[in-house]
Amino acid sequence: MLDDLEKFTKLKRRTRGAINIDPLQRGGILTPEAKEAVLEWADGYSICDFCTGAMDKIQNPPIKSFVHDALPEFLDIDEVRITHGAREGIFAAMHALCERGSCVVADGNAHYTTILAAELAGLKVEQTPVGGEPEYKVDPQGYNKTIEDVRSRGEKVDLAVLTYPDGNYGNLVDAKKVAQICHDLDVDLLLNGAYSVGRMDLSARDLGVDVIVGSGHKSMASCGPIGVLGATEECAKTIFRRSKLVPDKELELLGCTLRGAGILSMMASFPHVVERTKLWDDEVEKARWFASQIEPFGILLQGERPHNHDLMFFKSEVLYEISKTARKGRYFLYRELKKRKIFGIKPGLTRQFKLSTYLLSREDLQTVVDGLEEIIASYTRA
Ligand SMILES: *Cc1c(COP(=O)(O)O)cnc(C)c1O
């Protein structure tokens, strides 16, 4: 093995230049400034040239001002720190705020990382009910009932989680209402904004949430893994508490989190990210337009209607039927799209799949619409 190491150095990305509709990837594409920053700061521990003991206090590059001024204003919350991703932020908050053995209440559409974070933090999870197809909605009142149910079993609830939007259907639950319900029951609410922080104009204060989490590589045009974790002053006291043994380090973050180019990419993209959140309504409009273009082919949008996010889940019996007899079977769709330089629907999926229209031009989206129409026509004509 060690005599054939060349392959590890030839790392061309084959999807370069393609139209990418993968929801996971749309919001993480770097700005030219961020790409430059990554190259400049690629060496390990590069940001520590002028460190005085805490990563978030570094003034050159201007991490201190980014973390303590820009990000709190952007999220409209008291304190923010950088994490390695949304999941690490969720874990840190759960680990810090919840008593071991207690129960976290999450929405029924919560991401698997919420479940894992709870498990690792030694917590149980109870999820609120989800409405039926095709909308799969979460009713804020579900928090009321679920928290009461858990408490009536004699268990403690210290934290609730709302996935905003969820990563499957792109549904946006009324977060204000959920926050009110949770606060009436004396439970803090964490908003998982992996798909919203960096896309939508959000105010944690307006929504009334106590903790907010974002994913840099998913929605903030950053080279990951990186995320943001914001908290109200009260929650921040606990989450960002200092170590007893090494008093100048924040314990929950193990001292320092991002120690290299990732945070520079987030900073360099930040002006663009701030601007793009102001154009969110156009993105929603475009997503709705795209869905309306492909639904007539028998590719049907699931989740909320009208839809309020670029992340969209579709079901298609037409594509599924084709896959039963197509030469490449269920891989036909992936191959046909690849021929047209369109990537992002997982290989092998036909009956249901997710895609995103985020920051794609109408022209590129028209190419996707035309491609799907052509593919379906060519397989159903025979
Ligand atoms: C992608 C995603 C995550 C995980 O984000 P990371 O930053 O990779 O940890 C968590 N929650 C939701 C809803 C997601 O879509």
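We're numbering straight along the sequence, starting at 1. As the structure lists them, so they are numbered: ligands from 1, and atoms in each ligand from 1. Just so it is clear, the structure is predicted and the values come from calculations on it, not from any experiment.
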Proximal atoms of ligand 1 relative to Ser215 (non-hydrogen, under 4.0 Å):
5 (O), 6 (P), 7 (O)
To which of Glu88, His111, Lys218 does the heavy atom nearest atom 15 (O) of ligand 1 belong?
Lys218
Below 4.0 Å from any atom of ligand 1, is there a heavy atom belonging to His217?
yes
Please identify which atoms of ligand 1 are closer than 4.0 Å to at least one heavy atom of Ala194.
2 (C), 3 (C), 10 (C), 11 (N), 12 (C), 14 (C)
Looking at Glu336 and Lys339, is there a salt bridge between them, counting it only when a charged N and a carboxylate O are closer than 4.0 Å?
yes
Purely on distance, is any nitrogen or oxygen of Arg87 under 3.5 Å from one on ligand 1?
yes
Is Glu304 salt-bridged to Lys137, going by a charged N under 4.0 Å from an acidic O?
no
Only heavy atoms of Tyr195, strictly under 4.0 Å: list the atoms of ligand 1 that pass.
15 (O)
Any nitrogen or oxygen of Ala86, main chain or side chain, under 3.5 Å from a nitrogen or oxygen of ligand 1?
yes
Provide the number and element of each atom of ligand 1 under 4.0 Å from a heavy atom of Gly85.
7 (O), 9 (O)
Show, in sequence, the C-alpha distance, side-chain angles and deciding distance for Arg13 and Thr15, and conclude whether the side chain to side chain donor-acceptor pair (under 3.5 Å) test is met.
CA-CA 6 Å; Arg13 188 165 174 197; Thr15 54; 3.3 Å; yes
Any non-hydrogen side-chain atom of Val105 less than 4.5 Å from a side-chain atom of Val125?
no
Which bit of Asn192 gets closer than 4.0 Å to ligand 1, counting heavy atoms only: side chain, backbone, both or neither?
side chain
Filter on salt bridge (charged side-chain N to carboxylate O under 4.0 Å, His left out), then keep only pairs touching residues 243-265, sequence neighbours left out; what's left?
Arg81-Glu250, Arg241-Glu252
Just which atoms of ligand 1 are under 4.0 Å from any heavy atom in Thr163?
13 (C)
Could you tell me if the side chain of Glu40 sits less than 4.5 Å from the side chain of Leu264, heavy atoms only?
no
Against the six-membered ring of Tyr358, is Arg26 placed for a cation-pi contact (under 6.0 Å from the centre, within 45° of the normal)?
no
